[in-house]
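Every number for a ligand or one of its atoms is a count from 1 in the order of the listing. Treat the numbers as computed from the prediction; the structure is a model and nothing was measured.
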Amino acid sequence: MVETQVWRVDPGAPDLEHTPQIIAAAEKLIQGEIVAFPTETVYGLGGNAKVRESVHKIYEAKGRPSDNPLIVHVATDEQVRAICTEIHPIARKLMDTFWPGPLTLVLPSRSEVSDSVTAGLSTVAVRMPSHPVARALILASNLPIAAPSANRSGHPSPTKAEHVFHDLDGRIAGILDGGETGVGLESTVVDCTTTPITILRPGGISKEQLIEAVGAVSDDPGLTRSDQIPKAPGMKYKHYAPEAAMYLVPSGMERINELISADKNNERTIGVLTTEENRDSYPGADAVLVCGKRSDPESIAHHLFDVLRRFDQKKVDVIYSETFPEYGIGKAIMNRLSKAAGGRMID
Ligand code: TXA
Ligand code: MG
C-alpha cells in the first residue's frame, strides 16, 4: 500500500506547468512513481515510458495483462520523433489535423520506450492529448508518459477523479484532480502501418472525420467478427462491465417494458440505461439512469462510463440498455456498450 495524494488543479489556470500541484506530480513521475491525470478523453494512469520498473507498476496497479501494450503520451513533435522510426505522409496528415486531441496512432517503434510499454511489438501507440493538465504534466516532467486508462482492469474507464480514487486508492502515488473529462470515451486507435490505415478501436475521432482527412480508412475485422482476433490486444478483453448482467435492447422502449414485467414476476431488481427523451418511460424499473440526450450523442459519450459505474451502487440484478445509431461518436458508444454487455443482446 502507498498513500495516494490528491492534487486539485484548475485546468483553466494560467501557466499550469509551473504550479505546485503539477510540479509535485511531475516529481513523482521522475522518481519512477505512477500518477493519474485527466485527459480530454478519460483519466490516464501515467509512468515514465522509458523505465521498465515504472511501466510494471502501471500493469500491477491496474491488474492488467502484460500482453496489452500502453499508449505513450507526448506534448511535442520532438518527443514523437524520438519514439517512432518514420512518420509517413498519412500519419503526418492525421497528426496535423487531429493533434493535440483524442486520436492514437500506431507507428513503427524506435525502441526508445521500454519493451514493456509495447508488449514486445515492433510498433508503438502514440497520442498528443489536448487537455491542459495532461500537457502540463508531460512538459513539467519532460518525459514521454506511458498511460492506459486509470481504472482497475475490466472496469469502465474513469471520467472523474473519484472513479480513479475508487479503483486505485492505495495503489498509486497520486491523482491530479482536474474535474470531469470531456469526450468521456477513449481515443480512437488507428494503425498507420497498414494501407489503408486501420481503425483498431473506435473513439473520440469518428471514422467519418478520418475519411474526410485522409480518404481510405478500414475497420479491423476483429472489432466485429467473432472468428477474428482484434489487432489491438486490449480489444479482446472483457471491459467496461458493470456488476449486473447487462443486455442491449435494439428494439427499445416497448420491448424493455415487456422484459421488466417478466422480471418483476421473478423478483429481480432492474436497471434501465436510457436518455433524457425517455426518462419517464420505465415506471416499473428500480433504477432508471439517464446518460444524455439522444439528440446530442456527445452528451451520451460524456456520461456513459459514469452511468455504468452508478449501476453498481444501485445494486440491480439486471440492466437493460437502449441502443444508438452507429454513426459518428455513436460507433464508439455502441462499441463500449456492447463490451459492457459482454455482447448480450435481446431482440
Ligand atoms: O483515450 C485514451 O486513449 C486513454 C487516455 C488515458 O489517453 N488511454 C487508453 O489506454 O485508453 P488503454 O491502455 O486503456 O488502451 C490502449 C489501447 C488498447 O486496446 C491497446 O491494446 C491498444 O491501445 N494498443 C496499444 N499499443 C498498441 C500497438 N502497438 N498496436 C496495437 N494496439 C495497441
Ligand atoms: Mg482502458
Participant: Has ligand 1 got any nitrogen or oxygen that is less than 3.5 angstrom from a nitrogen or oxygen of Arg127?
Facilitator: yes
Participant: Taking His88 for its side chain and Cys192 for its backbone only, find out whether a donor-acceptor pair lies under 3.5 Å.
Facilitator: yes
Participant: Under 4.0 Å, heavy atoms only, figure out whether ligand 1 is touched by the backbone of Leu200, its side chain, both or neither.
Facilitator: side chain
Participant: Starting from atom 3 (O) of ligand 1, what is the nearest protein heavy atom, named by residue and atom, and what distance separates them?
Facilitator: Ser187 OG, 2.5 Å
Participant: Give the atoms of ligand 1, by number and element, whose distance to some non-hydrogen atom of Lys231 is under 4.0 Å.
Facilitator: 31 (C)
Participant: List ligand 1 atoms under 4.0 Å from Ser149, heavy atoms only on the residue side.
Facilitator: 8 (N), 9 (C), 10 (O), 12 (P), 14 (O)
Participant: Phe311: which residues meet the ring pair (Phe, Tyr, Trp, His ring centres under 6.0 Å) condition with it, sequence neighbours left out?
Facilitator: none
Participant: Is the shortest heavy-atom distance from the side chain of Val117 to the side chain of Glu112 under 4.5 Å?
Facilitator: no
Participant: Within a distance under 4.0 Å of any heavy atom of Asn68, pick out the atoms of ligand 1 and give their elements.
Facilitator: 18 (C), 20 (C), 21 (O)
Participant: Could you pull out the N/O/S protein atoms under 2.8 Å of the Mg ion (ligand 2), ignoring any water?
Facilitator: Ser149 OG
Participant: Carefully, step by step, assess Thr104 and Arg201 under the rule side chain to side chain donor-acceptor pair (under 3.5 Å).
Facilitator: CA-CA 9 Å; Thr104 296; Arg201 177 179 72 182; 5.1 Å; no
Participant: Name the closest protein heavy atom to atom 32 (N) of ligand 1, giving the residue it belongs to and the distance to 0.1 Å.
Facilitator: Ala232 CA, 3.5 Å
Participant: With respect to Lys62, determine whether any N or O atom, backbone or side chain, lies less than 3.5 Å from an N or O atom of ligand 1.
Facilitator: no
Participant: Quick one: side chain to side chain donor-acceptor pair (under 3.5 Å) partners of Arg268, sequence neighbours excluded?
Facilitator: Asp263
Participant: Which atoms of ligand 1 sit under 4.0 Å from any heavy atom of Gly44?
Facilitator: 6 (C)
Participant: Sequence neighbours left out, cut at 3.5 Å: what donor-acceptor pairs do the side chains of residues 134-148 make with other protein atoms?
Facilitator:
{"residue": "Ser141", "atom": "OG", "partner": "Leu137", "partner atom": "O", "Å": "2.9"}
{"residue": "Ser141", "atom": "OG", "partner": "Ile138", "partner atom": "O", "Å": "3.2"}
{"residue": "Ser141", "atom": "OG", "partner": "Leu143", "partner atom": "N", "Å": "3.4"}

Participant: Numbering the atoms of ligand 1 from 1, which are under 4.0 Å from a heavy atom of Leu121?
Facilitator: 28 (C), 29 (N), 30 (N)
Participant: Which one of Pro148, Gly234, Pro65, Pro233 has a non-hydrogen atom at the shortest distance from atom 12 (P) of ligand 1?
Facilitator: Pro148
Participant: Find out whether Asp177 and Tyr43 are in side-chain contact, i.e. whether some heavy atom of one side chain is under 4.5 Å from a heavy atom of the other.
Facilitator: yes
Participant: Please work out which of the three classes, parallel, tilted or perpendicular, describes the rings of His73 and Phe37, given edges at 30° and 60°.
Facilitator: perpendicular
Participant: Is the backbone of Pro69 close enough, under 3.5 Å, to the side chain of Arg64 for a donor and an acceptor to pair up by distance?
Facilitator: yes
Participant: Under a 4.0 Å threshold between the charged nitrogen and the carboxylate oxygen, would Lys57 count as salt-bridged to Glu60?
Facilitator: no
Participant: Taking only heavy atoms of Ala125 into account, list the atoms of ligand 1 that are under 4.0 Å away from them.
Facilitator: 25 (C), 26 (N), 27 (C)
Participant: Consider ligand 1: state whether an atom of it lies below 4.0 angstrom from any non-hydrogen atom of Pro102.
Facilitator: no
Participant: Under a 4.0 Å threshold between the charged nitrogen and the carboxylate oxygen, would Glu208 count as salt-bridged to Lys331?
Facilitator: no
Participant: Looking at Glu78 and Arg81, is any side-chain nitrogen of the basic one under 4.0 Å from a carboxylate oxygen of the acidic one?
Facilitator: no
Participant: Report the member of Thr123, Val72, Val189, Leu107 with the shortest heavy-atom distance to atom 29 (N) of ligand 1.
Facilitator: Thr123
Participant: Checking side chain to side chain donor-acceptor pair (under 3.5 Å) against Glu180, which of His303, Lys160, His302 comes through?
Facilitator: His302
Participant: Take atom NZ in Lys339; do more than 12 heavy atoms of anything else shown fall under 6.0 Å from it?
Facilitator: yes
Participant: Any heavy atom of Ile71 closer to ligand 1 than 4.0 angstrom?
Facilitator: yes
Participant: Decide yes or no on side chain to side chain donor-acceptor pair (under 3.5 Å) for Glu186 and Thr41, but give the supporting numbers first.
Facilitator: CA-CA 5 Å; Glu186 302 86 343; Thr41 57; over 6 Å; no
Participant: Is Arg201 close to ligand 1, meaning an N/O of one under 3.5 Å from an N/O of the other?
Facilitator: yes
Participant: Would you say His73 and ligand 1 have an N/O pair spaced under 3.5 Å apart?
Facilitator: yes
Participant: In terms of residue, atom name and distance, what is the protein heavy atom nearest to atom 25 (C) of ligand 1?
Facilitator: Pro69 O, 3.4 Å
Participant: Just jot down the ligand 1 atoms closer than 4.0 angstrom to any heavy atom of Arg64, in number order.
Facilitator: 12 (P), 13 (O), 14 (O)
